[in-house]
Amino acid sequence: MLVSWNSTNQCNMFCAHCYRESGNIAKNELNTVEAKKMIREMKKAGFQIMIFSGGEPLMRKDIYELGSYAKEIGLRPVLGTNGTLITEEIAKKIKDAGFMAAGVSLDTLSEEKYNDFRKFPDAFKKTVAGMSNLRKAGVPFQIHTTVMKWNVNELDNMTDFAVEIGARAHHIFFLVPTGRGAEIEKQALEIKEYEEVLTSIVKKQVDCPIEVKPTCAPQFVRIAKQQNIDIRFKRGCLAGLSYCIVSPKGDVQPCAYLNIPLGNVRETPFDEIWKNNKVLKKLRTVEYTGKCGICNYKNTCGGCRARAYYYEGDYMAEDKHCMYNPKTDKVENE
């Protein structure tokens, strides 16, 4: 079980696809005392891994104290960062604070394209330098790439780069049109390309020395089984089942892209929200409608609940971004 906390809305970038619409610090973000209380409640709820993300978490002054506290009480703290602020000194502080790993965003090997997409001069050079500094400090890291039409042909090279620079994994995120991402919805892959790219990623894993995993694309579990490829991931969409996210202000929602408020940790303890919320209970029934409801893979794939909500207005609806027809047990254009 893993939980992600957007520890601040503050960010030194203004990325085109940001679901949190980060930039400026938000009013009334959780303070240190409130954050520690929430962390204790996350532990009580049974979570093992806590992701400190943002915005850019390294812009939060108490981030090292909070990471250290999470580890002290038995959680595994990891960092989700754009990497640009990680100097050798910062990398050492990350290590000393007890962060067990870091996920660093990088979407292209083109310096010009990356700087433009992230709206930050020297973003590429500083991100790559941040990865190198993490490696020197002994902090395991993985690369996070959001795949869109403009960079889809780079994925193989991105994975090879991840191997070369010493990353432990390459996680490939698929664009879900929420936050600023809704403004670039046309950059999301079409259904046929989506299936093809997922198949390519699953096959890449076979001979790759590091983990290559699609994220926010639960159909990869079904594809792996169809290709007779063994993967360690047994469930696609985790929203509300073994994963949720908390905003800088303490609002809980099922996943980063499923913008349904479940409660606020200032008003209700996190563990109570996780245990008792009606939306979470509904998600856990896996009683989906449409083709997801009759799918052979509904207990392993589950469809993307965020896409179902965005396109159908119902988080239990079918995920139409899928070419599999459960009635024929075939992948086909419908």
Side-chain angles (χ1 to χ4, degrees), residues 1-11 18-81 97-103 176 178-179 215-216 237-285 305-306 309 315:
M1 290 175 61
L2 69 161
V3 59
S4 179
W5 175 39
N6 295 136
S7 56
T8 180
N9 203 64
Q10 190 174 9
C11 190
C18 183
Y19 67 84
R20 184 57 66 192
E21 301 189 66
S22 297
N24 296 323
I25 190 170
K27 293 182 180 178
N28 207 26
E29 294 187 353
L30 296 181
N31 61 35
T32 306
V33 172
E34 291 170 328
K36 286 184 176 181
K37 174 179 177 291
M38 176 187 68
I39 291 169
R40 292 193 297 273
E41 292 163 357
M42 289 172 172
K43 174 65 177 176
K44 183 178 179 181
F47 285 86
Q48 293 94 33
I49 301 172
M50 182 177 179
I51 305 167
F52 290 79
S53 64
E56 174 47 56
L58 292 175
M59 297 187 79
R60 185 172 171 124
K61 294 180 180 179
D62 60 357
I63 194 68
Y64 306 107
E65 178 183 352
L66 294 175
S68 180
Y69 183 73
K71 185 178 182 184
E72 179 184 320
I73 67 168
L75 289 169
R76 178 182 171 87
V78 299
L79 200 64
T81 173
F99 284 100
M100 306 297 288
V176 180
T178 55
T215 301
C216 303
C237 183
L238 304 177
L241 306 180
S242 58
Y243 171 78
C244 71
I245 193 166
V246 183
S247 80
K249 298 180 181 181
D251 294 316
V252 183
Q253 61 188 70
C255 84
Y257 308 106
L258 187 50
N259 191 15
I260 301 176
L262 307 176
N264 187 283
V265 299
R266 284 190 172 113
E267 301 165 0
T268 307
F270 173 86
D271 54 300
E272 291 184 16
I273 295 173
W274 178 253
K275 180 180 179 181
N276 300 321
N277 182 265
K278 292 180 180 179
V279 173
L280 297 180
K281 286 184 175 182
K282 183 67 174 177
L283 284 166
R284 292 164 191 163
T285 67
R305 297 300 96 214
Y309 186 68
Y315 57 86

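Computation of the quantities below employed the complete heavy-atom set of this structure, encompassing side-chain atoms and omitting hydrogens, waters and symmetry-equivalent molecules. For clarity, every value in this text was computed on a predicted model and none was experimentally measured. For the single chain, residues carry numbers from 1 onward in sequence order.
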Over all atoms of both residues, closest heavy-atom pair of Ile273 and Gly263: CD1-C, 3.8 Å
Asp251 vs Pro261 side-chain heavy atoms within contact, under 4.5 Å: no
Whether Trp5 and Phe52 hold their rings parallel, tilted or perpendicular, with breakpoints at 30° and 60°: perpendicular
Minimal non-hydrogen separation, Ala239 against Leu283, with atom names: O-CD1, 3.7 Å
Note, Asn259 side chain near Gln253 side chain (heavy atom, < 4.5 Å): yes
Per-pair distances, 0.1 Å, donor-acceptor, side chain in residues 29-39, under 3.5 Å, sequence neighbours excluded:
from, atom 1, to, atom 2, distance (Å)
Glu29, OE1, Thr8, OG1, 3.0
Glu29, OE2, Thr8, OG1, 3.3
Glu29, OE2, Asn9, N, 2.9
Glu29, OE2, Ala26, N, 2.9
Asn31, OD1, Val33, N, 3.1
Asn31, OD1, Glu34, N, 2.8
Thr32, OG1, Asp62, OD2, 2.4
Glu34, OE1, Asn31, N, 3.0
Glu34, OE1, Arg266, NE, 3.3
Glu34, OE1, Arg266, NH2, 3.0
Glu34, OE2, Arg266, NE, 2.9
Lys36, NZ, Glu65, OE2, 2.8
Lys37, NZ, Glu41, OE2, 2.5

Value rounded to 0.5 Å, distance of CG in Leu280 from OG1 in Thr285: 11.5 Å
Distance in Å, Cys11 SG paired with Ile25 CD1, rounded so as to fall on 0.5 Å steps: 12.0 Å
Residues Ser7, Ile63; criterion side-chain contact (heavy atoms from CB on, under 4.5 Å); working and verdict: CA-CA 8 Å; Ser7 56; Ile63 194 68; 4.0 Å; yes
Minimum-distance pair of heavy atoms, taken over all atoms of Pro57 and Leu79: CG-CD1, 3.9 Å
Intermediate values then yes/no, side-chain contact (heavy atoms from CB on, under 4.5 Å), Val3 and Phe270: CA-CA 11 Å; Val3 59; Phe270 173 86; 4.0 Å; yes
Minimum side-chain heavy-atom gap Arg40-Tyr69 below 4.5 Å: yes
Test item: Glu267 side-chain N/O and Val265 main-chain N/O as donor-acceptor pair under 3.5 Å: no
Gap separating the NZ atom of Lys281 from the NZ atom of Lys275, nearest 0.5 angstrom: 8.5 Å
Test item: Asp271 side-chain N/O and Lys44 main-chain N/O as donor-acceptor pair under 3.5 Å: no
Exam field: side chain Arg76 to backbone Gln48, donor-acceptor pair closer than 3.5 Å: no
Shortest non-hydrogen contact from Ser4 toward Tyr243: CB-OH, 3.6 Å
side-chain contact (heavy atoms from CB on, under 4.5 Å) between Leu238 and Leu2, intermediate numbers included: CA-CA 9 Å; Leu238 304 177; Leu2 69 161; 4.1 Å; yes
Gap between atom CD1 of Ile260 and atom OH of Tyr315 - 0.5 Å precision: 6.0 Å
Heavy-atom pair of closest approach, residues Cys244 and Val252: SG-CG1, 4.2 Å
Which atom of Gly74 lies closest to which atom of Lys43, heavy atoms considered: O-NZ, 3.5 Å
